[in-house]
Each structure stands twice: as C-alpha cells, then as structure tokens.
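A short write-up of the structure that comes next.
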Amino acid sequence: THTEDHIYIVGAGHAGGELAFALRQQGYAGPLTIVGDESHLPYQRPPLSKAYLKGECEATSLYLRQLAAYEKANISLLLSRRVERIDRANKKLVFDDGREVTYSKLALATGGRARRMTINDATRAEGTSNFRYLRNIDDVMAIRSRFEAGQRLVVIGGGYVGLEVAASAIARGVNVTVLEALPRVLARVTAPQMSQFYEKVHRDAGVDLRTNIEVTHLEFNATGDAVTAVHCTGGVVIPADYVVVGIGLLPNTEVAQAAGLDVDNGIVVNEYAVTSDPDIVAAGDCTNHPSVFCGRRIRLESVPNAVEQARVAAASLAGKPKAYESVPWFWSDQYDLKLQMTGLSQGYDQFVLRGSMESKSFAAFYLKQGRLIAVDAVNRAQEFMVAKRMVAACKSFDPAALADESVPLKTLAGPVQPAAPQA
Ligand code: FAD
C-alpha cells in the first residue's frame, strides 16, 4: 500500500520553524506540519532575557515569521499540542489529545526545558506567584509585570540567562541580588578574566552579586502562596519580592528515548542531522552532534546552531544531504555590552587580550598549543567577524600580534576565502 508523504516537525521553536521553511526552499512540496506544545508561533528566545523582559517589545515581534508566511508556504501549525509518543514501527505520532497521525519522515526539534533546583522547597515554590524559571514567553509575561522600581529580585544562577535578567531588571530600577554557587559567574563558559570583568560590570551597575553561595531553602508567607526570602549557606537570608532561576537547561529527549532512538545528553545525530532512525532527523538544542571543528561530539544551546543545523536536517529530508560544519558561536547582551563568542574555549592554555577591559571594548583570544580555539569579543562587532574566520581556520597565530592593536586583525587573518557556491 502507498503511504502518502507527510513530514512532521516536533517542536515549534527556533529550529522547528527554520526547518519547515528550509524544507520548502529545498524543494519539498508535500504536506508539512509543525507540532508545538506552546501556544505561540515559532519565536526567538534571546529577547526573553533582554528587550522583551525590559518591556521594550511585544510577543508578536519575537515571532520568526508571522502567520501569513506559514499560510503562503503551505506549512500547517498544530499549536498547544504535545507529541506524547512516536510509534516508529507504524510511523505514527501520538498527540496528548490521543489523536494519531502517520508520518513519512520526522524532524525532532524539541529543544530543552529549564533545569529545576533540587532543594525540597523548589517544587512547592513553583506553585507560588513570585518564583519562576525562565524559558518561555509565558514565563516572561509573568515575570515582567512584577519588574517595578524598588522591588527586590533574587536571581539564582550566574550564567548568561541569570546575568541578562539582572541587567534587564536593573534597567527597570529593580533591586537585584544574584546568587552563584560556583566561585565565579559564567564559570562553565569563559575564562576567569572574563568572569571578573562581568562581575565588576554588574556590581558597578548596582547588583548585589554573590559567588560561592548556595541556596539551602526558601521561606514562604503564611498562606504559602509567595516566596518571601531565599536562605543560603552561611546563614545568609535574602528577602525577596520575586525569584528568577536560571541554572541551565535539560534537553527534551524523553520522547526520542522512549521511541528507542540513541540518546546521550541529547538526541544523537550524525553530521547530516540524521538520528539512529534514517527517517528521523533532529536539530537544535536537543541534539548531540559531531563537531568537525571541535573533533568531538557536542550539544550546543545557541540560535546559530539551531538555525544552521535545521537547514542541514532539512537538506537530509529533501534527499540533498550536506554535512554540518559550522563553528559554534553565540552572543549575550548585558547593559551596553555586546558580547560575541566563537569557538569553544575549554582546554585553552593561553589567554591573550586585545584592547582594554576598562574601555569596555576588547577581544579575548584563547589558544591551545599555539592554535586559536576561541574568541570572546566585547563591543567589537567588526573584529568579531574577522575572529570567526580566524577560529574557523584552526591555525596558530602569534600571541604578540593578536594583542597588538596597531596590527589590524584582518592582516593576521589573511585573505577571505571565496565562499563556496550555494546549492
Ligand atoms: P526551543 O527554542 O527550546 O524550541 C523547542 C520547542 O519544542 C519548544 O517550544 C518546546 O516546548 C517544544 N517541544 C518540546 N517537546 C515537544 C513535544 N513532545 N511536542 C510538542 N512540542 C514540543 N542563544 C543565542 O544564540 N544567543 C542568545 O543571546 C540567547 N539568549 C537566550 C536567552 C534565553 C532567556 C533563553 C531561554 C535562551 C537563549 N538562547 C540564546 C538560546 C536559544 O534561544 C536556543 O538555543 C534556541 O531557542 C534553540 O532552539 P530550539 O528550536 O532547538 O529549541
């Protein structure tokens, strides 16, 4: 019997949205449906801790595309709908409302969810009105209405999300305390010098930033519907009108795992974004993929990865496979600082600074045995473009020349390679 083509995309996030349009661009003209458990059209999350949190834009401006674009491309959207199960033997998806559909091919773009705190009080706190993890538009709708001058906000977690929330809250006149369990902020992603720089920036802006401190329990009001204080190691008690937690992400891999797909800190895919089932691809925060650049498997949480891997997955579905070869990159906006990072700095043995941290315009180069493996650039957008190319080249550079501002970075990078013709 002939099964009709119908490609389903599970997850209506950045990767899912991008994948659908990339499939159309690759020439797939058959039925195409995106299924997502949020009520929104696919949207960008970065503004959730930045402009949107500050109240500078509305939810619809976060949408990757407006509804008309999906209609025009003949892409169906099933929103507020969860895929509960994948029945690979019969090529069926089972939704939370019990409905079943048959797929010819499947794309998983399930992203991740906020990592929960492990202390006992955390579950109880989730039922209150002033304690929130931050991952979705709905989370921010709840949080930002409470961002008023003089309110006391406690941010748990000194990673990018926590620090961006702190900066956005300060801009609204909120009193902010940031609690980081490790000895420094951004410890997992950057060098001590960068952590120190960001700690100073936040303290100068008025944030009460504390490191090496762990939350032990929470205090609730008499009726139990609000958190009133955060208790920490060393007997420290911090009164709170609002608590926002940003302590990382857990990839949404349960549905894939239950279906018997290979999962290992992410849905395991090959360089073509294909899972252990040849009819199923995956893209974005939920994947564990081989990185040509890093020489090992990685899982990334970044928009460029979601977008570029979605295109690779679409190409595979369309029968025109192309390998994923992008160098990781990411950005973070805090106050007047635009940080852009490329490569992965883990394992570096040399740190070279170009420009001065005091001037808030500099680039940090990470070398490993002479080879440039990563660059963090603050307020240096133009040099960052060049730095991306330098990191991608996997070459050694003279540290003294990197630090010398009288030598244009372009000179060190060498000529731009002509871009490969687009298929
Ligand atoms: P997601 O955006 O998480 O989308 C996955 C979607 O699938 C979700 O809507 C989820 O609910 C849905 N879903 C999951 N399981 C199912 C199911 N079974 N059925 C139906 N639907 C399902 N990146 C940057 O590069 N720069 C930044 O500055 C930056 N800032 C960020 C700030 C915040 C506050 C956050 C939360 C993230 C930020 N990121 C940033 C990361 C970036 O947003 C993610 O890398 C990106 O959203 C990943 O896209 P995705 O499609 O893989 O996953």
Side-chain angles (χ1 to χ4, degrees), residues 8-20 33-53 62-64 77-86 93-97 106-115 132-140 143-144 155 157 159-168 189 244-259 266-267 269 273 282-287 289 299-310 313 326 328-334 337-342:
Y8 281 87
I9 298 170
V10 185
H14 215 128
E18 189 63 32
L19 214 156
T33 302
I34 309 178
V35 190
D37 60 2
E38 292 184 65
S39 61
H40 301 281
L41 292 177
Y43 61 91
Q44 17 170 350
R45 289 178 206 275
L48 295 185
S49 46
K50 309 175 184 84
Y52 185 59
L53 185 57
L62 307 186
Y63 292 171
L64 299 177
L77 287 154
L78 278 177
L79 300 179
S80 305
R81 195 79 50 89
R82 245 189 87 73
V83 170
E84 288 292 346
R85 201 160 63 81
I86 305 166
L93 292 183
V94 183
F95 297 145
D96 49 1
D97 59 2
L106 195 60
L108 303 177
T110 49
R113 58 187 181 277
R115 181 190 295 278
R132 201 86 189 193
Y133 296 91
L134 198 168
R135 180 74 191 168
N136 299 327
I137 285 185
D138 296 348
D139 296 330
V140 183
I143 294 167
R144 71 176 193 174
V155 178
Y160 287 120
V161 170
L163 294 182
E164 288 180 355
V165 168
S168 298
V189 285
V244 175
V245 188
I247 54 168
L249 172 130
L250 292 176
N252 291 325
T253 56
E254 288 75 10
V255 171
Q257 186 148 27
I267 302 169
V269 296
D285 282 14
C286 67
T287 72
H289 60 271
R299 194 176 62 74
L300 291 175
E301 296 161 13
S302 87
V303 162
N305 173 64
V307 169
E308 289 159 34
Q309 205 179 21
S326 307
W329 74 275
F330 185 80
W331 74 90
S332 173
D333 300 331
Q334 298 166 43
L337 305 176
K338 180 151 195 74
L339 168 65
Q340 295 165 294
M341 294 146 281
T342 178

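Note that ligands are numbered from 1 as they come in the structure, with each ligand's atoms numbered from 1 the same way.
- For the pair Arg81 and ligand 1, a heavy-atom separation below 4.0 Å is found.
- Short contacts between ligand 1 and Pro304, defined as distances under 4.0 Å to a heavy atom of the residue, involve ligand atoms 25 (O).
- Nearest protein heavy-atom contact of atom 14 (C) of ligand 1 is Thr110 O, 3.1 Å.
- Considering Arg115, Arg113, Arg135 as possible partners of Leu249, the one that fulfils the side chain to side chain contact (heavy atoms under 4.5 Å, CB included) test is Arg135.
- The shortest separation from a heavy atom of Gly112 to ligand 1 is under 4.0 Å, placing the residue in contact.
- Looking at Leu64 and Leu41, their side chains never come closer than 4.5 Å, going by heavy atoms from C-beta outward.
- Taking the ring axis of Phe95 as reference, the NZ or CZ atom of Arg82 does not stay both within 45° of it and closer than 6.0 Å to the ring centre.
- By the 30° and 60° cut-offs, the orientation of the rings of Trp329 relative to Trp331 is tilted.
- Distance CD1/Ile34 to OH/Tyr8: 12.5 Å, rounded to 0.5 Å.
- Protein heavy atom nearest atom 21 (N) of ligand 1, with residue, atom name and distance: Asp37 N, 3.1 Å.
- Residues satisfying the salt bridge (Lys or Arg N to Asp or Glu O under 4.0 Å) test with Asp96, not counting sequence neighbours, are none.
- Looking only at protein heavy atoms, the nearest one to atom 48 (C) of ligand 1 is Asp285 OD1, 3.1 Å.
- Of all protein heavy atoms, the one closest to atom 53 (O) of ligand 1 is Gly111 CA, 3.2 Å.
- Between Pro42 and His14 there is no side-chain heavy-atom pair separated by less than 4.5 Å.
- Close approach of ligand 1 to Ala109 (heavy-atom distance below 4.0 Å) involves ligand atoms 5 (C), 6 (C), 7 (O).
- Checked by distance only, ligand 1 and Ser302 come closer than 3.5 Å through their nitrogen or oxygen atoms.
- At under 3.5 Å, not a single nitrogen or oxygen of Asn252, backbone or side chain, sits near a nitrogen or oxygen of ligand 1.
- For atom 29 (C) of ligand 1, the closest non-hydrogen atom on the protein side is Pro46 CG, 3.5 Å.
- Protein heavy atom closest to atom 35 (C) of ligand 1, with residue, atom name and distance, is Arg45 CB, 4.0 Å.
- At distances below 3.5 Å, at least one donor-acceptor pair connects side-chain atoms of Tyr43 with backbone N or O atoms of Ile137.
- Under 4.0 angstrom from ligand 1, the non-hydrogen atoms of His14 come from both its backbone and its side chain.
- Rounding to the nearest 0.5 Å places CE of Met341 at 3.5 Å from OH of Tyr160.
- Counting protein heavy atoms only, atom 25 (O) of ligand 1 is closest to Val303 N, 2.9 Å.
- You'll find the side chain of Leu53 reaches within 4.5 Å of the side chain of Ile143, heavy atoms only.
- Near Gly284, with a cut-off below 4.0 Å to any heavy atom, the atoms of ligand 1 are 52 (O).
- Side-chain contact between Thr342 and Pro328 is absent, with no heavy atoms from C-beta onward closer than 4.5 Å.
- Contact check for Leu134 versus Leu48: side-chain heavy atoms found under the 4.5 Å cut-off.
- Every atom of ligand 1 with a heavy atom of Val10 under 4.0 Å away is listed here by number and element: 17 (C), 19 (N).
- Looking at Thr287, Val269, Ile86 one by one, the single match for side chain to side chain contact (heavy atoms under 4.5 Å, CB included) with Leu108 turns out to be Ile86.
- Less than 4.0 angstrom separates some heavy atom of Gly36 from each of these atoms of ligand 1: 20 (C), 21 (N).
- Nearest to atom 27 (C) of ligand 1 among the protein's heavy atoms is Trp331 O, 3.4 Å.
- The part of Lys50 lying near ligand 1 is the side chain, judged by heavy-atom distances below 4.0 Å.
- Heavy atoms from both the backbone and the side chain of Ala15 come within less than 4.0 Å of ligand 1.
- Here is the list of ligand 1 atoms found below 4.0 Å of a heavy atom in Leu134: 34 (C).
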